[in-house]
A.B. asks: 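I am attaching a structure below and will ask some questions about it afterwards.
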Amino acid sequence: MMKDGKSIVLIGMPGVGKSTIGVILAKEIGYQFLDADLLIQEQEGMLLKDIIATKGHDGFLAVENQVNRDVDAKHSVIATGGSAVYCEEAMLHYKETCQIVYLRCPYEILSKRLGDLKGRGVALKEGQTLLDLYEERSVLYEKYADVIIDEDNKGIEETLELLKEKFC
Ligand SMILES: Nc1ncnc2c1ncn2[C@@H]1O[C@H](COP(=O)(O)OP(=O)(O)O)[C@@H](O)[C@H]1O
Ligand SMILES: O=C(O)C1=C[C@@H](OP(=O)(O)O)[C@@H](O)[C@H](O)C1
Ligand SMILES: [Mg+2]
């Protein structure tokens, strides 16, 4: 187990593997795992895509901000949703209490990995493309990150090894 018990918060674009890699990392370092997307769905009693459809982009972000801001967990790996980086209050809370890790994946790899964006419930504004979103968010992910892990062409196992090297 890690020494100081600080939780690890994973941030990054949808499809970088925050949820997939986060749960394995938690198991391997003896931490709990929390997925903020699941906390949001549980609280709202709706799927993410339905929350976005009914409350709109800003309404969804308000819920995402509140849920992440209220997370109070030690010894945990926390997978956030890709849009958590727009939630300033939540990000400042994580910055003060946790280690924030940006899983950075090149756009070209990510765009192949992501299929139907709407089906995934990505919080896109009207007329925004995936590239627009990538460029807008990259700055924010870098701003909040304590650690950046570059995925490049790495597989899940290789990225996991890099994370464990940092935190064990
Ligand atoms: N090298 C890789 N690293 C991370 N995920 C990968 C990789 N190659 C393929 N994938 C797939 O990409 C998807 C990542 O999805 P997910 O974990 O839900 O991401 P996020 O939570 O960041 O949106 C999974 O289906 C995973 O199996
Ligand atoms: O990036 C986004 O706009 C979103 C990403 C999703 O989470 P993942 O990053 O885990 O896919 C989820 O929070 C929501 O559908 C919005
Ligand atoms: Mg996820």
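Since this is a predicted model, take the numbers as computed values, not measurements. Counting starts at 1 for both ligands and their atoms, in listed order. Worth knowing before you read on, the calculation uses all heavy atoms, side chains too, and leaves out hydrogens, waters and symmetry mates.
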A.B. asks: According to a 4.5 Å side-chain heavy-atom criterion applied to Ile, Leu, Val, Met, Phe, Trp and Tyr, with indirect links allowed, do Val16 and Ile109 form part of one hydrophobic cluster?
C.D. replies: no
A.B. asks: Near ligand 1, which residues have a heavy atom under 4.0 Å away from one of its atoms?
C.D. replies: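 Answer by chain and number: Met13, Pro14, Gly15, Val16, Gly17, Lys18, Ser19, Thr20, Ile21, Arg113, Arg120, Lys154, Gly155, Ile156.
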A.B. asks: Should we say atom NZ of Lys164 is surrounded by more than 12 heavy atoms from elsewhere, each under 6.0 Å from it?
C.D. replies: yes
A.B. asks: Quick one: are Tyr86 and Met91 in side-chain contact, heavy atoms under 4.5 Å?
C.D. replies: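 No, side chains not in contact.
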A.B. asks: Among protein heavy atoms, which sits nearest to atom 14 (C) of ligand 2, and what does the distance come to when rounded to 0.1 Å?
C.D. replies: Gly121 O, 3.3 Å
A.B. asks: Using a strict 4.0 Å cut-off to heavy atoms of Asp37, name the atoms of ligand 2 that fall inside it.
C.D. replies: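 Near Asp37, the atoms of ligand 2 are 6 (C), 7 (O), 8 (P), 10 (O), 12 (C), 13 (O).
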A.B. asks: Examine the side chains of Gln66 and Gln43 and answer whether a donor and an acceptor come within less than 3.5 Å of each other.
C.D. replies: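 Distance-only check passes for Gln66 and Gln43.
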A.B. asks: Counting non-hydrogen protein atoms only, what is the nearest one to atom 5 (C) of ligand 2? Give residue, atom name and distance.
C.D. replies: Gly82 N, 3.4 Å
A.B. asks: Between Lys49 and ligand 2, which part of the residue brings a heavy atom under 4.0 Å of the ligand: side chain, backbone, both or neither?
C.D. replies: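 Neither; no heavy atom under 4.0 Å.
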A.B. asks: Say whether Arg137 and ligand 2 are in contact under the criterion: heavy-atom distance to a ligand atom below 4.0 Å.
C.D. replies: yes
A.B. asks: Which heavy atom of Met13 sits nearest to which heavy atom of Leu130, and what is that distance?
C.D. replies: CE-CD1, 3.7 Å
A.B. asks: Side chains of Gln99 and Ser7 only: does a donor on one sit below 3.5 Å from an acceptor on the other?
C.D. replies: no
A.B. asks: Check Lys154 with Glu151, please: is the shortest side-chain N to carboxylate O separation under 4.0 Å?
C.D. replies: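 Here Glu151 does not pair with Lys154 in a salt bridge, since their nearest N and O are not under 4.0 Å apart.
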A.B. asks: For ligand 2, which atoms sit closer than 4.0 Å to a heavy atom of Gly81?
C.D. replies: 7 (O), 9 (O), 13 (O)
A.B. asks: Tell me, do Lys18 and Thr80 make a side-chain contact under 4.5 Å, heavy atoms counted?
C.D. replies: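 In contact.
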A.B. asks: What protein heavy atom is closest to atom 11 (O) of ligand 2, reported as residue, atom name and distance in Å?
C.D. replies: Arg120 NH2, 3.3 Å
A.B. asks: Measure Leu48 to ligand 2 on non-hydrogen atoms and call it side chain, backbone, both or neither using the 4.0 Å cut-off.
C.D. replies: side chain
A.B. asks: Measure from the side-chain N and O atoms of Arg69 to the backbone N and O of Glu89, and report whether any donor-acceptor pair falls under 3.5 Å.
C.D. replies: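 No, Arg69 side chain to Glu89 backbone: no donor-acceptor pair under 3.5 Å.
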A.B. asks: Under a 4.0 Å threshold between the charged nitrogen and the carboxylate oxygen, would Lys125 count as salt-bridged to Glu136?
C.D. replies: yes
A.B. asks: What I want to check is whether the side chains of Gln41 and Asp37 have a donor and an acceptor closer together than 3.5 Å.
C.D. replies: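 No pair is found: no donor N or O on one side chain lies under 3.5 Å from an acceptor on the other.
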A.B. asks: With 2.8 Å as the threshold, which protein atoms of type N, O or S lie near the Mg ion (ligand 3)? Leave waters out.
C.D. replies: Ser19 OG
A.B. asks: I'd like to check the salt bridge (Lys or Arg N to Asp or Glu O under 4.0 Å) partners of Asp146; sequence neighbours left out, ordered by chain and number.
C.D. replies: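 Once residues adjacent in sequence are excluded, the partners of Asp146 under the salt bridge (Lys or Arg N to Asp or Glu O under 4.0 Å) criterion are Lys95.
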A.B. asks: Using side chain to side chain contact (heavy atoms under 4.5 Å, CB included) as the criterion, list what pairs up with Ile149, not counting sequence neighbours.
C.D. replies: Val101, Leu103, Val147, Thr159, Leu162, Leu163, Lys166
